[in-house]
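First up is the structure itself, then whatever we jot down about it.
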Amino acid sequence: MSLILNIDTAAKIGSVCLSKDGVPLQTLVNDQQKDHAATMVPFVQEIMKTQGVAPDQLDAIAVSAGPGSYTGLRVGVATAKGLCYAWNKPLIAISTLQMMAQGLYMQLKDNAAFYCPMLDARRMEVYTAIYNADLSAVMAPQALILTPEAFTAQLDHQKTYFFGDGSEKWQLLLNGHKNALFVPYEMSAAHLSLLSNAAFDRQDFADVAYFSPFYLKPFHSTPKK
(Lines give C-alpha, C1' and ligand atoms only; values in the text may rest on other atoms or scores of the structure.)
Protein backbone atom coordinates (compact mmCIF):
# COMPACT_ATOMS: atom_id res chain seq x y z
CA MET A 1 0.00 0.00 0.00
CA SER A 2 1.22 3.49 -0.77
CA LEU A 3 0.08 6.98 0.13
CA ILE A 4 1.71 9.46 -2.25
CA LEU A 5 1.55 13.22 -2.69
CA ASN A 6 1.65 14.10 -6.41
CA ILE A 7 2.64 17.57 -7.70
CA ASP A 8 2.44 18.96 -11.24
CA THR A 9 3.40 22.50 -12.30
CA ALA A 10 4.88 21.78 -15.73
CA ALA A 11 2.39 23.89 -17.68
CA LYS A 12 -0.30 26.53 -17.24
CA ILE A 13 -2.45 24.38 -14.94
CA GLY A 14 -0.78 23.37 -11.69
CA SER A 15 -2.19 20.87 -9.22
CA VAL A 16 -1.58 18.71 -6.18
CA CYS A 17 -3.16 15.28 -5.70
CA LEU A 18 -3.08 12.85 -2.80
CA SER A 19 -3.40 9.25 -3.96
CA LYS A 20 -3.65 5.89 -2.24
CA ASP A 21 -2.53 2.78 -4.08
CA GLY A 22 -2.75 4.69 -7.36
CA VAL A 23 -6.26 6.01 -6.74
CA PRO A 24 -6.68 9.81 -6.40
CA LEU A 25 -8.26 10.86 -3.10
CA GLN A 26 -8.33 14.63 -3.61
CA THR A 27 -6.95 17.09 -6.16
CA LEU A 28 -6.60 20.87 -5.95
CA VAL A 29 -6.01 22.88 -9.14
CA ASN A 30 -4.59 26.33 -9.95
CA ASP A 31 -5.09 27.55 -13.53
CA GLN A 32 -2.92 30.68 -13.26
CA GLN A 33 0.67 29.75 -14.08
CA LYS A 34 2.14 32.83 -12.42
CA ASP A 35 0.59 31.71 -9.11
CA HIS A 36 2.07 28.20 -8.97
CA ALA A 37 4.80 29.17 -6.53
CA ALA A 38 2.26 30.72 -4.17
CA THR A 39 -0.36 27.95 -4.32
CA MET A 40 1.43 24.59 -4.21
CA VAL A 41 2.39 24.52 -0.52
CA PRO A 42 -1.04 25.83 0.64
CA PHE A 43 -2.63 23.15 -1.57
CA VAL A 44 -0.50 20.50 0.13
CA GLN A 45 -1.49 21.80 3.57
CA GLU A 46 -5.18 21.90 2.66
CA ILE A 47 -5.26 18.39 1.22
CA MET A 48 -3.36 16.90 4.15
CA LYS A 49 -5.71 18.60 6.60
CA THR A 50 -8.88 17.65 4.71
CA GLN A 51 -7.81 14.03 4.32
CA GLY A 52 -6.56 13.78 7.89
CA VAL A 53 -3.08 12.74 6.80
CA ALA A 54 0.07 13.54 8.78
CA PRO A 55 3.46 13.85 7.04
CA ASP A 56 4.75 10.66 8.66
CA GLN A 57 1.90 8.72 7.01
CA LEU A 58 3.07 9.60 3.50
CA ASP A 59 5.20 7.08 1.65
CA ALA A 60 6.64 9.36 -1.05
CA ILE A 61 6.40 12.64 -2.92
CA ALA A 62 5.98 12.46 -6.71
CA VAL A 63 6.51 15.27 -9.18
CA SER A 64 5.85 15.83 -12.85
CA ALA A 65 9.47 16.35 -13.80
CA GLY A 66 9.33 17.74 -17.33
CA PRO A 67 9.55 18.71 -20.03
CA GLY A 68 7.49 21.88 -19.77
CA SER A 69 7.74 25.47 -18.61
CA TYR A 70 11.20 26.18 -17.17
CA THR A 71 9.80 28.27 -14.35
CA GLY A 72 6.92 25.89 -13.70
CA LEU A 73 9.20 22.87 -13.52
CA ARG A 74 11.51 24.61 -11.07
CA VAL A 75 8.55 25.43 -8.84
CA GLY A 76 7.24 21.88 -8.81
CA VAL A 77 10.60 20.19 -8.34
CA ALA A 78 11.71 22.64 -5.65
CA THR A 79 8.44 22.13 -3.77
CA ALA A 80 8.69 18.35 -4.00
CA LYS A 81 12.35 18.28 -2.96
CA GLY A 82 11.69 20.65 -0.07
CA LEU A 83 8.93 18.40 1.25
CA CYS A 84 11.15 15.33 0.83
CA TYR A 85 13.91 17.00 2.87
CA ALA A 86 11.53 18.26 5.55
CA TRP A 87 9.61 15.00 5.92
CA ASN A 88 12.40 12.55 5.05
CA LYS A 89 10.47 11.00 2.15
CA PRO A 90 11.69 9.50 -1.14
CA LEU A 91 11.25 11.47 -4.35
CA ILE A 92 9.54 9.99 -7.42
CA ALA A 93 10.12 11.76 -10.74
CA ILE A 94 7.70 11.07 -13.60
CA SER A 95 7.94 12.32 -17.19
CA THR A 96 5.30 14.99 -17.82
CA LEU A 97 4.66 13.55 -21.28
CA GLN A 98 4.12 10.05 -19.90
CA MET A 99 1.82 11.53 -17.24
CA MET A 100 -0.24 13.15 -20.01
CA ALA A 101 -0.41 9.90 -21.98
CA GLN A 102 -1.57 8.09 -18.85
CA GLY A 103 -4.27 10.70 -18.26
CA LEU A 104 -5.68 10.50 -21.77
CA TYR A 105 -5.45 6.72 -21.88
CA MET A 106 -7.52 6.52 -18.69
CA GLN A 107 -10.05 8.81 -20.35
CA LEU A 108 -10.31 6.94 -23.68
CA LYS A 109 -9.13 3.36 -22.92
CA ASP A 110 -8.27 2.86 -26.59
CA ASN A 111 -5.75 0.01 -26.73
CA ALA A 112 -5.46 0.18 -30.51
CA ALA A 113 -4.04 3.69 -30.68
CA PHE A 114 -0.87 5.67 -30.08
CA TYR A 115 -0.91 8.64 -27.68
CA CYS A 116 1.07 11.76 -28.61
CA PRO A 117 1.16 14.48 -25.91
CA MET A 118 2.36 17.90 -27.06
CA LEU A 119 3.52 20.80 -24.94
CA ASP A 120 4.07 24.15 -26.60
CA ALA A 121 7.77 25.08 -26.74
CA ARG A 122 7.13 28.33 -28.69
CA ARG A 123 7.25 29.08 -32.39
CA MET A 124 6.75 25.79 -34.29
CA GLU A 125 8.45 23.66 -31.65
CA VAL A 126 6.83 21.25 -29.21
CA TYR A 127 7.93 18.89 -26.47
CA THR A 128 6.48 15.57 -27.51
CA ALA A 129 6.71 11.78 -27.49
CA ILE A 130 4.56 8.90 -28.67
CA TYR A 131 3.35 6.14 -26.37
CA ASN A 132 1.40 2.96 -26.97
CA ALA A 133 -1.44 1.83 -24.73
CA ASP A 134 1.09 0.20 -22.34
CA LEU A 135 2.76 3.63 -21.97
CA SER A 136 5.94 2.38 -23.58
CA ALA A 137 7.65 5.06 -25.67
CA VAL A 138 7.28 4.46 -29.41
CA MET A 139 9.03 7.79 -30.00
CA ALA A 140 11.31 9.05 -27.23
CA PRO A 141 10.62 12.42 -25.57
CA GLN A 142 12.16 15.25 -27.55
CA ALA A 143 11.95 18.91 -28.51
CA LEU A 144 10.60 18.72 -32.07
CA ILE A 145 10.25 21.41 -34.71
CA LEU A 146 6.99 20.62 -36.47
CA THR A 147 6.79 19.98 -40.20
CA PRO A 148 3.88 18.54 -42.21
CA GLU A 149 5.78 15.22 -42.41
CA ALA A 150 6.75 15.03 -38.73
CA PHE A 151 4.65 11.96 -37.84
CA THR A 152 4.12 10.35 -41.24
CA ALA A 153 5.67 7.03 -40.23
CA GLN A 154 3.31 6.63 -37.28
CA LEU A 155 0.17 8.00 -38.93
CA ASP A 156 0.45 5.79 -41.98
CA HIS A 157 0.25 2.72 -39.75
CA GLN A 158 -1.55 3.62 -36.52
CA LYS A 159 -4.40 5.75 -35.24
CA THR A 160 -2.81 8.44 -33.07
CA TYR A 161 -4.31 10.86 -30.55
CA PHE A 162 -2.67 14.30 -30.43
CA PHE A 163 -3.36 16.42 -27.36
CA GLY A 164 -1.95 19.10 -25.08
CA ASP A 165 -1.40 22.81 -25.59
CA GLY A 166 1.02 22.26 -28.48
CA SER A 167 -1.37 20.15 -30.55
CA GLU A 168 -3.36 23.05 -32.01
CA LYS A 169 -0.54 24.34 -34.19
CA TRP A 170 0.21 20.79 -35.31
CA GLN A 171 -3.44 20.34 -36.30
CA LEU A 172 -3.27 23.46 -38.49
CA LEU A 173 -0.01 22.37 -40.05
CA LEU A 174 -1.13 18.79 -40.72
CA ASN A 175 -4.23 19.77 -42.69
CA GLY A 176 -5.97 16.46 -42.02
CA HIS A 177 -5.10 12.75 -41.89
CA LYS A 178 -7.48 9.82 -41.36
CA ASN A 179 -5.40 8.42 -38.50
CA ALA A 180 -4.82 11.75 -36.70
CA LEU A 181 -7.30 12.47 -33.93
CA PHE A 182 -7.19 15.68 -31.90
CA VAL A 183 -8.83 15.54 -28.49
CA PRO A 184 -9.13 17.91 -25.50
CA TYR A 185 -6.99 17.25 -22.47
CA GLU A 186 -6.51 18.99 -19.13
CA MET A 187 -3.33 18.56 -17.11
CA SER A 188 -3.74 17.12 -13.62
CA ALA A 189 -1.49 15.75 -10.91
CA ALA A 190 -4.12 13.03 -10.54
CA HIS A 191 -2.69 11.52 -13.74
CA LEU A 192 0.55 10.88 -11.86
CA SER A 193 -1.18 8.54 -9.42
CA LEU A 194 -0.88 5.19 -11.23
CA LEU A 195 2.62 5.97 -12.45
CA SER A 196 3.91 7.10 -9.07
CA ASN A 197 2.35 4.06 -7.39
CA ALA A 198 4.08 1.74 -9.88
CA ALA A 199 7.39 3.58 -9.35
CA PHE A 200 6.99 3.23 -5.59
CA ASP A 201 6.39 -0.50 -5.92
CA ARG A 202 9.63 -0.74 -7.94
CA GLN A 203 11.41 1.47 -5.39
CA ASP A 204 12.33 3.71 -8.32
CA PHE A 205 13.37 6.87 -6.52
CA ALA A 206 15.27 9.96 -7.65
CA ASP A 207 18.23 11.39 -5.75
CA VAL A 208 16.73 14.26 -3.75
CA ALA A 209 20.03 16.12 -3.57
CA TYR A 210 20.98 16.00 -7.23
CA PHE A 211 17.76 15.63 -9.19
CA SER A 212 16.85 18.42 -11.64
CA PRO A 213 13.95 18.72 -14.09
CA PHE A 214 13.92 17.10 -17.55
CA TYR A 215 14.17 20.32 -19.55
CA LEU A 216 14.97 18.56 -22.89
CA LYS A 217 16.72 21.68 -24.19
CA PRO A 218 19.04 24.29 -22.63
CA PHE A 219 17.54 27.24 -20.82
CA HIS A 220 18.28 30.62 -22.41
CA SER A 221 17.37 33.93 -20.82
CA THR A 222 17.22 37.21 -22.67
CA PRO A 223 19.26 39.92 -20.94
CA LYS A 224 17.37 43.05 -20.03
CA LYS A 225 18.20 46.13 -22.04
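Scope of the values below: all heavy atoms of this structure, side chains included, with no hydrogens, waters or symmetry mates.
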Decide yes or no for L25 and L3: does some side-chain heavy atom of the first lie under 4.5 Å from some side-chain heavy atom of the second? yes
Determine yes or no for a side-chain-to-main-chain donor-acceptor pair under 3.5 angstrom, with H157 supplying the side chain and A153 the backbone. yes
Separation between CD1 of I94 and CD1 of I7, rounded to the nearest 0.5 Å: 13.0 Å
Mind listing the closest non-hydrogen atom pair of A101 and Y115 along with its distance? CB-CB, 4.2 Å
For A209 versus Y85, what's the shortest heavy-atom pair and its separation? CA-OH, 3.1 Å
Spacing of M106 atom CE and S193 atom OG [to the nearest 0.5 Å]: 9.5 Å
Quick check: do L18 and L58 have side-chain heavy atoms less than 4.5 Å from each other? yes
A quick test of your reading: do over 12 heavy atoms of other residues, nucleotides or ligands sit less than 6.0 Å from CD of E168? no
D165 side chain near K12 side chain, heavy-atom distance below 4.5 Å: no
Considering only heavy atoms from C-beta outward, does the side chain of F151 approach that of I130 to under 4.5 Å? yes
Determine whether the aromatic ring centres of Y161 and F114 lie less than 6.0 Å apart. no
Going by heavy atoms in the side chains, are K89 and F205 under 4.5 Å from each other? no
Mind running side-chain hydrogen bond (donor to acceptor under 3.5 Å, both in side chains) on S15 and T27 for me, showing each step along the way? CA-CA 7 Å; S15 54; T27 305; over 6 Å; no
When the aromatic ring centroids of Y131 and Y105 are compared, is their separation below 6.0 Å? no
Could you tell me whether N175 atom CG has more than 12 heavy atoms of other residues or ligands within 6.0 Å of it? no
Does some side-chain heavy atom of R202 sit less than 4.5 Å from a side-chain heavy atom of F200? no
Can you name the one residue among T79, N30, D8, T9 that meets side chain to side chain donor-acceptor pair (under 3.5 Å) with H36? N30
If I take atom CZ from residue F182 and atom OG from residue S167, how far apart are they, to the nearest 0.5 angstrom? 6.5 Å
I'd like to know if the side chain of T96 reaches the main chain of G66, judged simply by a donor and an acceptor atom lying under 3.5 Å from each other, with no hydrogens or angles considered. yes
Using a 3.5 Å distance criterion without hydrogens, assess whether the side chain of T50 forms a donor-acceptor pair with backbone atoms of I47. no
Counting distance only, does the side-chain N/O of S95 pair as donor-acceptor with the main-chain N or O of Q98 below 3.5 Å? yes
Nearest heavy-atom approach of T128 to P117 is OG1-O, 2.8 Å
Would V44 and L83 count as a side-chain contact (heavy atoms from CB on, under 4.5 Å) here? Give the steps. CA-CA 10 Å; V44 170; L83 294 174; 4.1 Å; yes
Working to the nearest 0.5 angstrom, can you tell me the gap between F43 CZ and L28 CG? 5.5 Å
Decide if atom CG of D56 counts as having more than 12 heavy atoms of other residues, nucleotides or ligands within a radius under 6.0 Å. yes
Within the side chain of D120, is there an N or O that forms a donor-acceptor pair under 3.5 Å with the backbone of R122? yes
Could you state whether I61 and M40 fall into the same hydrophobic cluster, counting links through intermediate Ile, Leu, Val, Met, Phe, Trp or Tyr residues with side-chain heavy atoms under 4.5 angstrom apart? yes
Is there a side-chain contact between D156 and H177 (heavy atoms, below 4.5 Å)? yes
Kindly assign one of parallel, tilted or perpendicular to the pair F163 and Y185, based on the angle between their ring planes and the thresholds 30° and 60°. perpendicular
Provide the closest heavy-atom pair for A199 versus I92 in the form atom of the first, atom of the second, distance. CB-CG2, 3.7 Å
Any chance you could measure Q32, atom CD, to T39, atom OG1, to the nearest 0.5 Å? 10.0 Å
Any idea which heavy atoms bring L174 and A180 closest together, and the distance? CD2-CB, 3.5 Å
Do I4 and L194 share a hydrophobic cluster, counting only Ile, Leu, Val, Met, Phe, Trp and Tyr and linking them when any side-chain heavy atoms are less than 4.5 Å apart? yes
Would you kindly confirm whether L108 and L135 end up in one hydrophobic cluster when ILVMFWY residues are joined by side chain heavy atoms under 4.5 Å apart? yes
Between D207 and Y210 (side chain of the first, backbone of the second, donor and acceptor by atom type, cut-off under 3.5 Å), is there such a pair? yes
Could you grab the distance from atom CE of M118 to atom CD of E125, nearest 0.5 Å is fine? 12.0 Å
Is it the case that atom NZ in K20 sees more than 12 heavy atoms from other parts of the structure closer than 6.0 Å? no
Do you reckon L97 sits in the same ILVMFWY cluster as Y70, going by side-chain contacts under 4.5 Å, direct or chained? yes
Checking S64 against L192 for the side-chain contact (heavy atoms from CB on, under 4.5 Å) test, could you report, in this order, the C-alpha distance in whole Å, the side-chain angles of both residues, the deciding distance, and whether it holds? CA-CA 7 Å; S64 168; L192 286 169; 4.2 Å; yes
Does W170 share a hydrophobic cluster with L181, counting links as ILVMFWY side-chain heavy atoms below 4.5 Å and allowing steps through other members? no
Does A140 offer a backbone N or O that forms a donor-acceptor pair with the side chain of Q142 under 3.5 Å? yes
Give a yes or no on whether the backbone of C17 and the side-chain of N6 come within a donor-acceptor separation of less than 3.5 Å. yes
Sidechain-backbone polar pair: K169 side chain, R123 backbone, donor-acceptor under 3.5 Å: yes
Can you name the closest pair of heavy atoms from A10 and M187 and give their distance? CB-CE, 4.4 Å
Checking S136 side chain against N132 main chain: does a donor-acceptor pair fall under 3.5 Å? no
Do V63 and K81 make a side-chain contact, defined as non-hydrogen atoms from C-beta onward lying under 4.5 Å apart? no
Got more than 12 heavy atoms from elsewhere within 6.0 Å of CG, L172? yes
